[in-house]
Number of protein chains: 2
Amino acid sequence: MLAAVNATEGTDRPLRADAVRSRALLLSAARAVFAERGTEASVADVAQAAGLGKGTVFRHFASKDDLVAAIVDEMLDDLIVTTEKLLTANDPAAALREFMTAGIDLQVHNQAFCDVAAGASVRRHPLVRGKIERLESAVEALVDRARRAGVVRDDVTGQDLMLLMTGVYQTAAPMLPESPDLWRRYLALTLDGLQPQAARPLPTPAPRP
Amino acid sequence: MLAAVNATEGTDRPLRADAVRSRALLLSAARAVFAERGTEASVADVAQAAGLGKGTVFRHFASKDDLVAAIVDEMLDDLIVTTEKLLTANDPAAALREFMTAGIDLQVHNQAFCDVAAGASVRRHPLVRGKIERLESAVEALVDRARRAGVVRDDVTGQDLMLLMTGVYQTAAPMLPESPDLWRRYLALTLDGLQPQAARPLPTPAPRP
DNA sequence: ACCTGAACACCGTTCAAGT
DNA sequence: ACCTGAACACCGTTCAAGT
């Protein structure tokens, strides 16, 4: 019930060699299993893929959510790096489009990431929330640049772009088994709505950052 | 394992009076419970809310999915009626916007409906699939009218509008607890992208109907 | 310190026993 | 015919017993 016996409980004294190995095996197994079958794959499945007992999972991660959060955290790091690189790209409009493409691609190829992008409980996990905010501020900078270049309407925010990124994926999701590229259609449609020329006043303000 | 003992198994001889009552109690309880807490509420909870044993649920519905499908089916019927009424509205652009609003409103106020609109397994249920197709053809007619009036770009289909309806909801979903009206922002943004003036060529064709 | 599997409270589903 | 709750195979999580 309480804070649980995480390997790094409070103070982080060094792990024993076998524990280091177990942790790495678990993370690697979780990456593969959750990517393919989503977060509803069982903890027992992850433990088996790692060649360990399922009790060991809970020695290293206080809950299944904590394990999922660790995986998703890595993926968010990758996306943050990609986004920050795009901040120095030549074409600000293309940079914005490439951020959206990278984020949606991640969801298409990783079932775990799109579970989280949609409402899964891991979204509220402190580790994940923090990373989402870091990503959001990088995207905010990306939008600012595009706005100054006059290639995006001036009433949209970085958070809008973040939400639209997952929204575009979700729009196409029901058809993706039959039409794996359909998300590109709804991305294009969304980008058309983001043009300054298309702008009509929005009825609801962006939520406070 | 097999087709299961649904109350209307194959031939539908009339139900006994107590069975009619039980079925009605179950449907009514399921409506309330699933609307509030989504489809992850347990069958035991529905049974308890109906004042019946949980075994009774499976006498009337072969699986939990069948029960959810019965509820969602009713909601789709309502949305179909609303949509068909809109076919005779004066303003074709407003009619399209009102369809989207009605569909999103349903998701905002009914957790079960938005579980299904997102990828839940019930989406593939034959009962639900059939109703979605009926709704889709009504929406197709709505789009045709708007297209002929020149108020919507000519490369979008009824299915596009259906997918966008659930997509707009999903876009706002993570923020809805804090900003319950935020979906109106993304609906407006999406409608801006649907204007003929905003249209740039789309990279991926609509899936075959 | 770390790993493990049996044990617990849940879930959807089945079915023998009651009316 | 219909209802019921115990029983089953799962799930996430805990923890005593092993190394």
Side-chain angles (χ1 to χ4, degrees), chain A residues 1-27 29-30 33-34 37-70 115 120-122 125, chain B residues 1-27 29-30 33-34 37-70 115 120-122 125:
Chain A
M1 184 58 73
L2 266 187
V5 193
N6 195 312
T8 64
E9 47 165 85
T11 74
D12 41 0
R13 90 196 88 81
L15 294 176
R16 225 170 61 178
D18 56 348
V20 172
R21 184 173 167 278
S22 290
R23 197 171 210 285
L25 285 171
L26 285 173
L27 283 170
V33 170
F34 288 144
R37 296 169 34 209
T39 54
E40 93 262 343
S42 76
V43 168
D45 287 339
V46 172
Q48 192 181 16
L52 296 168
K54 68 176 173 172
T56 308
V57 175
F58 292 97
R59 173 153 191 89
H60 287 269
F61 303 93
S63 67
K64 184 184 180 182
D65 267 16
D66 272 12
L67 174 57
V68 173
D115 284 359
S121 58
V122 196
H125 192 286
Chain B
M1 182 59 72
L2 267 187
V5 193
N6 195 311
T8 65
E9 46 167 81
T11 74
D12 42 359
R13 89 194 90 79
L15 295 175
R16 225 169 62 179
D18 56 348
V20 172
R21 184 174 167 278
S22 291
R23 196 170 211 284
L25 284 171
L26 286 172
L27 283 170
V33 170
F34 288 144
R37 295 167 37 207
T39 55
E40 94 262 341
S42 76
V43 168
D45 287 338
V46 172
Q48 192 181 17
L52 297 168
K54 69 176 171 170
T56 309
V57 175
F58 292 97
R59 173 153 193 90
H60 287 269
F61 303 93
S63 67
K64 184 185 180 181
D65 266 17
D66 272 13
L67 174 57
V68 174
D115 284 359
S121 58
V122 196
H125 191 287

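Letters A, B, ... are given to chains in the order of the sequence lines, protein chains preceding strands, and every chain is numbered from 1. Just the heavy atoms: all of them, side chains too, but no hydrogens, waters or symmetry mates, feed the values below.
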Sugar-phosphate only, base, or nothing, as touched by B/Ala41 at under 4.0 Å among non-hydrogen atoms: sugar-phosphate

Beyond-backbone contact of A/Leu27 with A/Phe61, side-chain heavy atoms, under 4.5 angstrom: yes

Closest non-hydrogen atom pair, B/Lys64 against B/Thr39: NZ-O, 2.6 Å

First of A/Gly51 and A/Lys54 reached from the 5' end of DNA chain C, by closest nucleotide: A/Gly51

Interatomic distance, A/Asp66 CG vs D/dG12 P [rounded to whole Å]: 14 Å

Short side-chain N/O contact from A/His60 to OP1 or OP2 of C/dC2, under 4.0 Å: no

Side-chain donor/acceptor of A/Lys54 to backbone N/O of A/Ser42, under 3.5 Å: no

Rounded interatomic separation in angstrom, taking CG from B/Leu67 and P from C/dT13: 10 Å

Nearest-nucleotide 5' precedence on DNA chain D, A/Asp65 against B/Ser22: B/Ser22

Distance-minimising heavy-atom pair for B/Val46 and B/Leu26: CG1-O, 4.1 Å

Rounded distance in Å - CZ (A/Phe61) to P (C/dC2): 13 Å

Pairing pattern in dot-bracket form [Watson-Crick, G-U; both distances under 3.5 Å; | = partner strand] for DNA chain D: ||.|||||...|||||.||

Validation row: A/Val57, A/Leu67 side chains within 4.5 angstrom (heavy atoms): yes

Pairwise side-chain contact, B/Asp115 with B/Phe34, heavy-atom cut-off 4.5 Å (strictly under): no

Separation of atom CZ in A/Arg37 from atom P in D/dC10, rounded to whole Å: 13 Å

Whole angstrom value for the distance that separates P of D/dC2 from CZ of B/Arg16: 6 Å

Base of C/dT13 paired with side chain of B/Lys64 (donor-acceptor, under 3.5 Å): no

Separation of C/dA1 C1' from A/Asp18 CG (nearest whole Å): 7 Å

For atom CZ of A/Phe58 and atom C1' of C/dC8, their distance in whole Å: 13 Å

Residue-phosphate contact under 4.0 Å: A/Arg59 side-chain N/O, C/dC2 OP1/OP2: yes

Sugar-phosphate, base or nothing in reach of B/Ser42, heavy atoms under 4.0 Å: sugar-phosphate

Heavy-atom side-chain proximity of B/Asp45 to B/Arg37 below 4.5 angstrom: yes

Atom-pair distance (CG on A/Leu25; P on C/dC2), nearest Å: 15 Å

